[in-house]
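As a basis for the values below, the full set of heavy atoms in this structure was taken, side chains included, without hydrogen atoms, waters or symmetry mates.
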Amino acid sequence: MKKYNWAILGCGKIAGKFASDLKLLDNARLYAASSRSLQRAESFAAEFGFERAYGSYEEMVRDPQVDVVYIATPHSHHKEHAILCLDHKKAVLCEKAFAINQTEVEAMIQSSAENQTFLMEAFWTIFQPKFKKVLELASDPDLGQLKFVKSDFMFNGEVDPEKRLYNIELGAGSLLDIGIYPIFRSLVLLGKPQTIKTMAQLLDSGVEESIFMLFGYENGSMASLTSSFAAISKNETELCFENGFIKFERDHDVPILIHKNGVDQLIKIDAGAGMGYELEAAHVMECLDQGLIESPVLPLEFSLELMRVMDAVRKEAGIVFPGHD
């Protein structure tokens, strides 16, 4: 089994969760942590057990020992950092949202192709046992046609214009940060919507704090999707079929509820030893073992289509990111 040297680009909260799960994989070596601050990189490396620390992303990608880089910087910097890594022939797992808009994602995909180097969006949901079970249950013909997808993701966040969630310069707003999850589910389950309608709460700064989205499809199906930094919810998704429904929450420990033929059934799924990030990391290394430059499970075209839909949502809602639109 080939062992891959992983590097972290951007030593924030999500990077810490990813690093913790990376330790669960025998073929992953926690090799380098990089930040714009050497002190931050050294602190992160010491906390999670990385062998090296870099106070410059450029210095990290020039290290010939680095095989694959996990990018965990704000959305606004994903294109720049992904292309930096790809140009140095480093495989890339880049956090979602993949970038700010379709044009940036296209540039990242082009760089991957030109450098013949692996690129994947870090959309861990598709690798989760719970979501895979939901997809299996949803394919049951006895349920009939899927007519409605109702999905939300909310939490009550601190309003601080200096921090990522509310900093317009960093691609702030609930849509790119958490609204992407309900959109992802609808895209996987129903495909690309024919029509999109939105209602958004925009702050004076231009940051979108909450958004409601309604997707319409040619076959008559619909999706009702919500994200917000201003409220708390169960973060639940309900799939409504002609002959039943499936409900599941984001929390891995909460069972899936399926109602079919007038009977409710709870299905508990073992989430595994980690938080789930190890599953996407393991898949990346499987792809690298096979010499692939993109994932067959989460292909780049899907990530591009997801960004096209989010661009359409932003246009309909009047959300603008200065310098990116």
Side-chain angles (χ1 to χ4, degrees), residues 96-98 120-154 175 178-197 212-227 233-272 275-277 279-280 282-283 295-310 312-313:
K96 59 200 170 311
F98 215 15
M120 190 182 89
E121 185 174 13
F123 222 117
W124 65 328
T125 305
I126 198 71
F127 302 102
Q128 299 305 301
K130 187 172 184 178
F131 189 68
K132 291 166 75 172
K133 184 62 177 181
V134 166
L135 295 181
E136 177 189 327
L137 295 171
S139 67
D140 185 345
D142 290 344
L143 286 170
Q145 182 183 338
L146 176 58
K147 302 296 291 186
F148 292 94
V149 172
K150 298 187 288 184
S151 185
D152 60 67
F153 195 161
M154 306 180 194
L175 176 64
I178 55 177
I180 190 172
Y181 284 97
I183 294 174
F184 169 86
R185 295 177 190 122
S186 68
L187 201 58
V188 170
L189 289 155
L190 290 173
K192 181 181 178 181
Q194 182 184 29
T195 58
I196 294 174
K197 299 294 181 183
F212 172 79
M213 299 161 277
L214 182 64
F215 291 178
Y217 296 84
E218 291 185 12
N219 65 358
S221 296
M222 289 187 281
S224 170
L225 316 171
T226 313
S227 65
S233 79
K234 292 176 69 176
N235 295 330
E236 184 176 68
T237 298
E238 182 173 9
L239 313 179
C240 304
F241 299 83
E242 292 173 306
N243 305 317
F245 62 83
I246 298 171
K247 295 177 80 170
F248 60 99
E249 294 181 30
R250 176 174 167 77
D251 188 335
H252 297 309
D253 293 331
V254 179
I256 302 166
L257 169 64
I258 179 169
H259 176 87
K260 186 176 67 172
N261 299 324
V263 177
D264 286 346
Q265 181 184 3
L266 291 174
I267 301 174
K268 177 74 173 178
I269 301 296
D270 182 6
M275 290 178 281
Y277 299 99
L279 302 175
E280 62 182 359
H283 177 72
S295 163
V297 176
L298 191 65
L300 294 171
E301 180 57 36
F302 179 88
S303 292
L304 182 59
E305 190 61 59
L306 176 60
M307 186 55 67
R308 288 191 187 110
V309 172
M310 290 203 294
V313 168

When Arg185, Glu238, Glu236, Lys247 are each screened for side chain to side chain contact (heavy atoms under 4.5 Å, CB included) with Lys150, the one that passes is Glu238

Query - Ile258 backbone acceptor or donor facing Gln265 side chain under 3.5 Å - result: no

- In sequence, state the C-alpha distance, the side-chain angles, and the governing distance for Asn243 and Asp142, and then conclude on side chain to side chain contact (heavy atoms under 4.5 Å, CB included). CA-CA 7 Å; Asn243 305 317; Asp142 290 344; over 6 Å; no

**Item:** Any Met213 side-chain heavy atom under 4.5 Å of Leu175 side chain
**Value:** yes

Side chain proximity check, His283 to Pro296, heavy atoms < 4.5 angstrom
yes

>> Set out, in order, the CA-CA distance, both residues' side-chain angles and the distance that settles side chain to side chain contact (heavy atoms under 4.5 Å, CB included) for Val188 and Phe131, then state yes or no.
In response: CA-CA 11 Å; Val188 170; Phe131 189 68; 4.2 Å; yes

Notebook entry, point to check: Just by modelled atom types, is the Leu225 backbone N or O under 3.5 Å from a matching donor or acceptor in the Asp152 side chain?
Noted result: no

Side-chain touch Asp140/Phe241, heavy atoms, less than 4.5 angstrom: no

Between the CD atom in Gln128 and the CG atom in Leu279, the distance rounded to the nearest 0.5 Å is 5.5 Å

Here the gap from Ser139 atom OG to Leu189 atom CG, rounded to the nearest 0.5 Å, amounts to 10.5 Å

All heavy atoms of Met307 vs all of Ala97, minimum pair found to be CE-CB, 4.2 Å

In this structure, CG of Leu190 is separated from CE of Met222 (nearest 0.5 Å) by 10.5 Å

Quiz item: For the residue pair Phe302 and Phe184, does the interplanar ring angle fall in the parallel (under 30°), tilted (30 to 60°) or perpendicular (over 60°) class?
Solution: perpendicular

One should read off an interatomic distance between Glu218 CD and Thr195 OG1, to the nearest 0.5 angstrom, of 10.0 Å

Could you give me the CA-CA distance, side-chain angles and deciding distance for Leu137 and Leu143, then say whether side chain to side chain contact (heavy atoms under 4.5 Å, CB included) is met?
CA-CA 9 Å; Leu137 295 171; Leu143 286 170; 5.6 Å; no

So OG of Ser221 and CG of Leu239: to nearest 0.5 Å the spacing works out to 11.0 Å

message: Atom NZ of residue position Lys96 - does it have more than 12 heavy atoms of other residues, nucleotides or ligands inside 6.0 Å?
response: yes

Would a distance-only check, ignoring hydrogens and angles, find a side-chain to backbone donor-acceptor pair under 3.5 Å from Glu121 to Leu298?
no

In plain terms, say whether Glu301 and Arg308 are close enough for a salt bridge, that is, a side-chain N and a carboxylate O under 4.0 Å apart. yes

Q. In terms of heavy-atom contacts, does NZ of Lys192 have more than 12 from other residues, nucleotides or ligands at under 6.0 Å?
A. no

Give the ring-plane orientation class for Trp124 versus Tyr277, where under 30° counts as parallel, over 60° as perpendicular and anything between as tilted. parallel

With the side chain counted from C-beta on, respond yes when Phe153 and Ile180 share a heavy-atom pair under 4.5 Å apart, and no when they do not. no

Inset, instruction - Please assess Ile256 against Ile246 for the test side chain to side chain contact (heavy atoms under 4.5 Å, CB included), listing each intermediate value before the final yes or no. - result: CA-CA 7 Å; Ile256 302 166; Ile246 298 171; 3.8 Å; yes

What one should report as the nearest heavy-atom pair of Asp253 and Lys268 is O-NZ, 2.5 Å

Quiz item: For Phe212, does its backbone N or O pair with a side-chain atom of Lys197 as donor and acceptor, under 3.5 Å?
Solution: no

One should read off an interatomic distance between Phe127 CZ and Ser295 OG, to the nearest 0.5 angstrom, of 4.5 Å

Is there a side-chain contact between Pro129 and Asp270 (heavy atoms, below 4.5 Å)?
no

Would you say the side chain of Phe215 lies within less than 4.5 Å of the side chain of Pro182, judging by non-hydrogen atoms?
no

Q.
Please check this pair: side chain of Lys130 against backbone of Glu249, looking for a donor-acceptor N/O pair closer than 3.5 Å.
A. yes

Determine yes or no for a side-chain-to-main-chain donor-acceptor pair under 3.5 angstrom, with Ser227 supplying the side chain and Ile178 the backbone. no

| message | Tell me if a side-chain donor or acceptor on Asn261 pairs with a main-chain N or O of Val263 at a distance below 3.5 Å. | response | no

